[in-house]
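Worksheet: the structure to be examined is printed underneath.
Letters A, B, ... are given to chains in the order of the sequence lines, protein chains preceding strands, and every chain is numbered from 1.
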Amino acid sequence: MNEFKSTLGHIPFESVTRIMDGAKLILQQEDGIVQDAFLILTAPLRGFEKLVIGKDPLFTIKAVMRICGVCHVAHANATAEAIESAVGLFPPRNALLVRELLGLVNRIQTHILPMVSTDMIVEERRSRLVSLIKLYGKVSDYLLKLGGGVTHPPYLTIGGISKVPKWSVLNHLKAKLPKIEEKWEEIKGVLLDEDNLTEIADELRTKIVRNEFLASNLFFGDKYKVSFKGIRTIPYWEYREEPGELVNEATVMVAFYKGKVVEVGPRARLMLFTPFRGVSLFGLYTARILEIDLAFKRIKEILSEINTKAPFRRQNMIFGSGKGIGVYEAPRGTLFHYVKLDGEGKISRLKIISPTMFNIPVIENAVKGLTVEAAEVAVKLFDPCIPCTTHVENVQKN
Amino acid sequence: MIGLASDNLLGTVFGVYLARAKDEEIRRRKVASGGAVTALLTYALEKGIVDGVVAAKRTKGLEGQAVVAHNKKELLEAAGNKWSIVPFATRMKAKIEEENLKKVALVCLPCQAQFFAQMRDFPLLESDFGERIKYIVSLFCMGTFAFNAFLNYLRMKYNIKAEQIRDIHLKKDFLEIVYNGTKLDLPIEEVYSYLQTGCLVCTDYTGIWSDISAGFVESEPGWTVLMARNPKAEELIKSAEKEGYLELKEGSHVVGEILKKAREKLARAQQNMSYLL
Amino acid sequence: MEKLKVLHVDIGSCEGCNVSILRALPKIQEFVDLDMKYLAKKTCARDKYDMVIITGGVCMNEPHIIEKVKSLREKTSTIVAFGSCATFGGILRFCRGGQEPRPDHRNFQPINSVVKVDYSIPGCPPTPQMVQSFFKFFVAGDKKRLKLFKVYADIKKLSGFDLIDDIVLTGLCIGCGACELSCPTQAIEMIDRRPNLIAEKCIRCGTCYVRCPRASQMLSMGGRK
């Protein structure tokens with residue numbers, strides 16, 4: 001790790017730090033301080049935008065859920081909204097509530113995962129993070145009961161929710177919530193206890209990063225607050241052309257909003273819609289914790305608003321030509337789906353802008369000036385979404 | 001096509017018993033057999049070992065539906081030979097979840113036993129309920145009727161209507177149909193073609209995936225054969241005897257007879273597969 | 001008892017299977033020493049593993065992924081394909097490439113198209129309980145229970161369509177309803193005691209097929225497929 005050369009053309013491949021199987025983080029350093037960084041996603045591109053073409057909306061929602069096994073609800077919610085608006089369908093209020101609830105449960109799930117793997121907590125206390133995995137299981141029950149599955153929930157479909165939850169089930173879920181919250185409070189104590197935090201955490205606290213933020217809503221997503229047309233995407237290798245042998249294998253697009261680099265995700269949402277001010281990189285960590293708190297509060301509200309006597313899905317859906325946009329605040333940031341249907345109501349175009357596409361330049365900038373160790377942790381704190389990001393097409397190149 | 005050693009035909013067997021109910025009421029209802037399954041499950045219910053028994057209950061003709069029995073009375077209502085498969089799985093799941101049962105016993109056929117045991121052993125889906133299944137009791141099975149076809153045959157040939165049928169028993173090599181106060185004996189060969197095609201290629205006679213297999217042998221009328229397939233099942237049978245629900249005797253001498261039936265089913269399956277597939 | 005040394009490698013899944021494995025951790029860590037990207041800074045540290053679990057399908061247009069899978073075969077005597085993409089192709093069967101920035105990524109295959117697989121566990125995704133159960137049987141050497149997974153290891157494609165073709169259209173279906181209950185996308189409905197496949201909902205995970213008692217009985221007895 002210490003033999004990094006500072007000339008870009010000569011980055012030895014053994015200095016590559018893998019953060020996940022499908023990505024490479026390459027840090028260029030001088031005296032242990034990061035001068036430049038490349039976050040190159042190399043996961044194979046499965047091409048979901050193409051594989052749904054010609055297919056039925058019902059298939060499409062099942063397929064897009066499988067883009068990501070971590071943020072499955074996010075993709076389903078965004079695509080459902082896009083398809084419904086393309087054909088002028090308004091899902092009943094109950095369906096919107098359940099979708100939001102499933103999304104928030106999913107947000108808690110997703111936020112938990114990087115906490116298990118980042119090195120914010122000192123070695124001796126890390127064994128306590130196993131309780132995070134247990135918490136994951138507990139909140140997952142909400143997805144199972146209301147969505148039909150912990151991963152890729154099948155009840156989430158076009159027009160609403162395909163299975164009406166039983167009143168008794170809702171009550172049961174309501175009754176269980178305080179206990180789960182209690183567990184979370186306990187874990188939160190561990191996560192935020194100054195004595196448990198590593199030196200890296202201290203370093204991140206001193207690193208102030210001022211970014212432009214993009215978020216559409218604190219919880220669900222609001223397509224009227226953001227502009228899909230304002231997004232421009234380019235392949236990674238056009239964004240950073242050198243060194244060729246490195247960037248050319250990237251399987252990802254990079255996105256800009258109104259010509260600017262913007263940060264999306266928990267911190268962006270909290271900065272724009274709450275008094276939260278976490279301007280250092282440590283703010284990414286606290287933002288995620290705060291979002292879990294908020295999610296629990298909102299879930300409680302939603303559970304009492306769902307009315308099992310009212311409908312959960314639209315009847316008599318008619319599919320035909322049209323186009324629509326769905327925007328959802330995925331755990332990792334604002335997610336856009338644009339869909340076009342042909343005269344038969346089959347998908348003729350799908351474009352997905354996933355949050356990490358916005359965040360790649362943000363991440364690469366943010367780690368400059370950090371120690372190599374801290375930089376690695378910082379990247380994980382942004383929680384780049386590898387499988388999703390690699391499934392994205394060039395949207396508006398000309 | 002099927003390379004199965006014959007000693008595997010019966011699956012893992014921990015112990016074989018001949019059993020019958022001690023309870024007079026159960027025995028009265030079950031003249032032909034020993035009523036051991038009913039007695040065993042009554043024991044499990046009354047001692048709180050299980051909180052429900054899911055079984056098929058014949059509703060009309062050969063049709064049935066999945067019901068949950070909570071006591072002896074309800075068990076007796078569901079008891080008897082099963083000649084049709086109830087699309088059990090989904091409805092059972094609904095029943096178990098509705099009543100929030102935590103430890104159920106299932107009475108089913110070998111194919112269903114296989115499905116439920118596989119679900120219990122290999123929970124592929126989060127929505128599975130394998131952990132709630134405590135005992136799987138499989139009944140010996142030579143096949144189930146494609147009942148619409150069979151009923152139609154009975155109507156055309158013998159003028160017996162579905163609603164007139166009170167009971168059906170498998171006797172030595174004929175089928176006894178009890179209807180309108182009389183009986184009709186049909187040779188097995190005559191009715192085989194009305195079994196479901198899937199059953200004709202099935203190789204499992206006893207239900208090798210179950211915890212307990214139960215059925216009858218001709219040589220021991222009035223007794224039920226119970227095959228325990230694991231220590232847990234063995235314990236249940238033994239303690240039911242101790243608590244005075246079951247009368248038990250050694251049954252290893254009937255294994256040969258069961259094996260003969262199982263071989264018959266296997267031979268039938270092999271033959272049918274060779275021209276079906 | 002020495003812990004089983006297990007490596008998990010993802011070659012391009014949606015991460016759903018990975019999360020399942022991670023969630024099983026509290027229950028399996030007693031007898032399994034799991035090397036996984038979520039847990040350690042450096043994975044793949046040992047030369048030999050007792051078992052390698054692979055998730056995701058192989059992108060046949062990426063030579064380095066094919067090489068990687070082959071090299072994993074060298075590292076262990078037991079390869080487990082975990083999840084439908086790794087076992088039967090699953091949703092990846094629909095991939096056809098053409099998407100920017102890598103339109104060349106157009107064909108995905110299950111692991112057993114590239115190397116010999118020892119056990120296949122289908123599911124979209126299989127549950128943490130399944131992981132737990134599998135290890136339990138594996139450590140105990142329960143051959144009878146592992147047999148089905150061994151049989152699936154040689155099968156490259158299974159889906160609701162195969163279930164309909166092989167079991168329902170041949171008349172072998174007995175109407176037990178196992179498939180309906182097993183479908184993770186609700187693509188199967190029982191109508192008049194026979195399953196009806198809602199074709200557009202099937203994502204080809206194969207769960208219904210492996211759960212069908214008729215199909216699994218025939219497969220485990222060395223029938224066709």
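In this structure, C:R102 CZ and A:E249 CD are separated by 8.0 Å, a value rounded to the nearest 0.5 Å. C:E15 contributes atom CD, which lies 6.5 Å from atom SG of A:C68 (distance to the nearest 0.5 angstrom). The structure places OG1 of A:T233 at 9.5 Å from CD of C:E100, a figure rounded to the nearest 0.5 Å. How far CD1 of A:I61 is from OG1 of C:T185: 12.0 Å, rounded to the nearest 0.5 Å. Distance check: C:Q99 CD to A:T251 OG1 gives 10.5 Å after rounding to the nearest 0.5 Å. The distance from the NZ atom of A:K55 to the CD atom of C:E200 is 11.0 Å, given to the nearest 0.5 Å.
No other option in C:C202, C:G90, C:C95 has as many heavy-atom pairs under 4.5 Å with chain A as C:C95. Per-residue counts of heavy-atom pairs under 4.5 Å with chain A were compared for C:R96, C:R106, C:K201, C:E62; the largest is that of C:R96. Here C:I91 is the residue among C:N61, C:N107, C:I91 with the most heavy-atom pairs under 4.5 Å with chain A. Contact count against chain A (heavy-atom pairs under 4.5 Å) is highest for C:P125 among C:C59, C:P125, C:G97. Of all the listed residues (A:T157, A:I53, A:T60), the one sharing the greatest number of non-hydrogen pairs under 4.5 Å with chain C is A:I53.
In this structure the side chain of A:V252 never reaches within 4.5 angstrom of the side chain of C:P101, judged on heavy atoms. A:I133 has its side chain within reach of C:L22: a pair of non-hydrogen atoms, C-beta onward, lies under 4.5 Å apart. Contact of the A:K134 side chain with the C:P26 side chain is registered, since non-hydrogen atoms from C-beta on lie closer than 4.5 Å.
Within 6.0 Å of NZ in A:K346 there are more than 12 heavy atoms belonging to other residues, nucleotides or ligands. Crowding of A:E344 atom CD: a count of heavy atoms from other residues, nucleotides or ligands under 6.0 Å not exceeding 12. Residue C:K27 qualifies as open at atom NZ: its count of foreign heavy atoms under 6.0 Å is 12 or below.
No part of C:C17 comes within reach of chain A, as not one of its non-hydrogen atoms sits under 4.5 angstrom from that chain.
The one candidate from A:H152, A:K62, A:M65 that meets the side-chain contact (heavy atoms from CB on, under 4.5 Å) condition with C:I203 is A:K62.
Ring centroids of A:F59 and C:F94 are separated by less than 6.0 Å, placing the two rings close together.
Minimum heavy-atom separation, C:I65 to A:P44: CD1-CG, 3.6 Å. Here the closest non-hydrogen pair linking A:R66 and C:C124 is NE-SG, 2.8 Å. In plain terms, the two heavy atoms of A:R46 and C:G12 that are nearest each other are CD-O, 3.9 Å.
Checked by atom type and distance alone, the side chain of C:R23 never pairs as donor or acceptor with a backbone atom of A:Y136 at under 3.5 Å.
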*When you look at A:T151 and C:V19, which way does the side chain to side chain contact (heavy atoms under 4.5 Å, CB included) test go after all the steps?*
CA-CA 9 Å; A:T151 317; C:V19 173; 6.0 Å; no

